[in-house]
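On a predicted model such as this, the values are computed, not experimentally measured, just so you know. Below, chains carry the letters A, B, ... as their sequence lines are ordered, and counting in each starts from 1.
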There are 2 protein chains.
Amino acid sequence: MTGRPTLKDVAQRAGVSVTTVSVVLNGQRAGVRVPEPTRERVRKAADALGYRPNQMARGLRRRTSQAIGFISDEVTTTPFAVSMLAAAQEEAARNDHLLFVVNVGKPARPDVMQRAMDSLVEHQVSALIVARMYHQEVEPVASMPESTVFLNARATSGSYRSIVPAERAAARAAVRELLEHGHRRIAFLDDDTNTIASGLRHQGYLDALAEYDIAPDPRLHVRMPSGVSGGVRGGELIDLPAGQRPTAIFCFNDRMAMGLYRGVRHRGLKIPDDLSVVGFDDQEFIASELDPPLTTMRLPHREMGRLAVESVLGLDTSYAGWTEQGGGEISLLECPIVRRDSVASPPD
Amino acid sequence: MTGRPTLKDVAQRAGVSVTTVSVVLNGQRAGVRVPEPTRERVRKAADALGYRPNQMARGLRRRTSQAIGFISDEVTTTPFAVSMLAAAQEEAARNDHLLFVVNVGKPARPDVMQRAMDSLVEHQVSALIVARMYHQEVEPVASMPESTVFLNARATSGSYRSIVPAERAAARAAVRELLEHGHRRIAFLDDDTNTIASGLRHQGYLDALAEYDIAPDPRLHVRMPSGVSGGVRGGELIDLPAGQRPTAIFCFNDRMAMGLYRGVRHRGLKIPDDLSVVGFDDQEFIASELDPPLTTMRLPHREMGRLAVESVLGLDTSYAGWTEQGGGEISLLECPIVRRDSVASPPD
DNA sequence: CTGAAAGCGCTTACAG
DNA sequence: CTGAAAGCGCTTACAG
């Protein structure tokens, strides 16, 4: 009577054994049939008592918790990627699982990762997801379960599954969008760190150019810090002499595009009339709110989060596509283009 | 040998009983002393085996999990508030707890809330935090534990604790900042829904005016949708005839300020020379990135998240200040002003 | 100082 | 069709 009611309390009230209660409450069990009247009695008793199974007891016995561990580097500095978390949680809930989330800080120190993992393992999580807010490589820590999935991250060793955006294809599509509008001098305002995303997007940029037989002009590939101020400085691209000046700029991300808008405005030019711009991320509160609204590539955070859970739960049906890579498998998720008003034909 | 090592395995290897292992591994127990050599032997065995306690078994026995449930409405649509979650998780980790997070969608339906709570309770969480991404009132669901804390939300009944930003005081400070710069015609560009934040910030606005003996001019209080486009429309305030036009505008949030900047620019005016602006939220990637950077009131999300965990864990030392309210208690956290470059003296 | 035993709340062969 | 019993991996009086 002190705490919450247990199976035994329900059994007593229904006048049956705990075995029967357990069987009834857990649905049919192979070969075991309980007649409807008994079932009814049990259900009534459970309801009356407000019985809720103790998942720790159940988990102990079944040797599995209905919980998934979600380790991420940092949830706060890059708010737009949290939809991975939200989607993962929703998918977990849909499958009667709960999500333990733990942040390990940025950059993630291996010992902190290790501790987080140990703690999760002690709590008997049935699966682990290791997420990063920015696409990057991560070194698996010792004794990480085989079933662990890396989200928005690629495992550098082991035979794990990794889920990442199809950066290269997306960058190619972004630049192709510009090409199709008639642009031929297209700059890439790149991030100045050697992130995996930067390399891949640059590749995609080159791919698209090659497709149109355009020789890349090194002056049109500039690297700046990936924030608004870097974007403002990217405005210098416009100061190039007439024939060399780009008519369109593909930005590494939306924040740089936001800065670039400023640089363009300060020079008295207009987007998209004088210059077309394509961003990357479709960052909330930014891309759609710029003036004019920014055409950009959407990072499929929700799809990625959902796929991670489907994968660790052995469900993955929604976005098939795993390909071998290193010892493991990788899934590249498409980044759809979001067309808004920052792209037009080049001025003549 | 199949699964992970248990206490029994450690006991065997160390040549002692499980009782001894348990006592050693859990630190001193009152009245029980194990001689150092034995302790040493046990620790060695545990290390060698890579023993990790099974928290489900421990929890079952101790009748407490080391887990806290964090229920929030939506984590994705309002990315800036996720630092509440991050801070809560960090504080939980600091106290050897894990955080279960579950989203219940927005607006949160009572039945979904109920299910989330049930699931968390089944998992034997030792405490519950109910968070909202925007400050609002929430109806506790039936049988919610007494110790539940409402975060960025006020419980409408019961004797719960609620943690919210000190909106009114913050709005007052925001307007006072303008007053101190010499402004006397100050508008409030308000949200057009009847949220609790809107009401409170309006109060604070009136408080500050009253402090300077300024009669509020109803034409200077306008309500618009709380996004960028609402902010743009707020620019109409500037179209008021000369003597009635405000020299400064206090915005309900940073996104409206972002829109207002646009409205001001389109009219060929400059901030802060022609108009001073103060925002609210200190939203990441917005406030500091506007041109000029926006002076605004910072919502203390991290402090709130941390306090919530401290409170449910019975620790709260860091931000004392609970006051009675209704049947429960409330803690109002200060929103510090973040001075940037959008405030100057009024033009003459 | 150390261990045998009971018990946390379940599930699951197994027997009747 | 139904129940007694064992056991999941711990902790904690209690006895020796």
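Under the rule for a side chain to side chain contact (heavy atoms under 4.5 Å, CB included), the partners of A/Pro37 that lie at least two apart in sequence or sit in another chain are A/Pro35. Under the side chain to side chain donor-acceptor pair (under 3.5 Å) criterion, A/Asp111 pairs with A/Arg109, sequence neighbours left out. With sequence neighbours excluded, no residue satisfies side chain to side chain donor-acceptor pair (under 3.5 Å) with B/Ser162. Remark: A/Glu137 engages no residue in a salt bridge (charged side-chain N to carboxylate O under 4.0 Å, His left out) (not counting sequence neighbours).
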*asked:* For a quick check, with a 4.0 angstrom heavy-atom cut-off, what is the B/S/- contact string for nucleotides 4-9 of chain D, read 5' to 3'?
replied: BBBBBB

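Ring orientation note: the planes of B/Phe100 and A/Phe100 are close to parallel, at an angle under 30° on the 30°/60° scale.
If you measure from atom CZ of B/Arg41 to atom P of C/dC1, you get 14 Å, rounded to the nearest angstrom. B/Leu25 has its CG atom 16 Å from the C1' atom of D/dT12, to the nearest Å. A/Glu36 has its CD atom 14 Å from the C1' atom of D/dC1, to the nearest Å.
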*Pairing of DNA chain C as dot-bracket, 5' to 3': ( ) intra-strand, [ ] crossing, | other strand, . unpaired, with Watson-Crick or G-U pairs under 3.5 Å?*
|||.||||||||.|||

Side-chain atoms of residues 113-125 of chain A: list all donor-acceptor pairs with protein atoms under 3.5 Å, sequence neighbours left out, distances to 0.1 Å.
from	atom 1	to	atom 2	distance (Å)
A/Glu122	OE1	B/Gln55	NE2	2.8
A/Glu122	OE2	B/Arg52	NH1	2.6

Between side-chain atoms of residues 10-18 of chain A and protein atoms elsewhere (two or more places apart, or another chain), which donor-acceptor pairs fall under 3.5 Å?
from	atom 1	to	atom 2	distance (Å)
A/Ser17	OG	A/Thr19	N	3.4
A/Ser17	OG	A/Thr20	N	3.2
A/Ser17	OG	A/Thr20	OG1	3.2

Distance-only criterion, 3.5 Å: show the donor-acceptor pairs between side-chain atoms of residues 91-99 of chain A and protein atoms not counting sequence neighbours.
from	atom 1	to	atom 2	distance (Å)
A/Glu91	OE1	A/Arg94	NH1	2.2
A/Glu91	OE1	A/Arg306	NE	3.1
A/Glu91	OE2	A/Asn95	ND2	3.2
A/Asn95	ND2	A/Glu91	O	2.9

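Look at A/Thr38 and you won't find any side-chain N or O under 4.0 angstrom from OP1 or OP2 of D/dC1. Distances shown here put a side-chain N or O of B/Ser22 below 4.0 Å from the OP1 or OP2 atom of D/dT11. Between A/Thr20 and the phosphate of D/dT2, there is no side-chain N or O to OP1/OP2 separation shorter than 4.0 Å.
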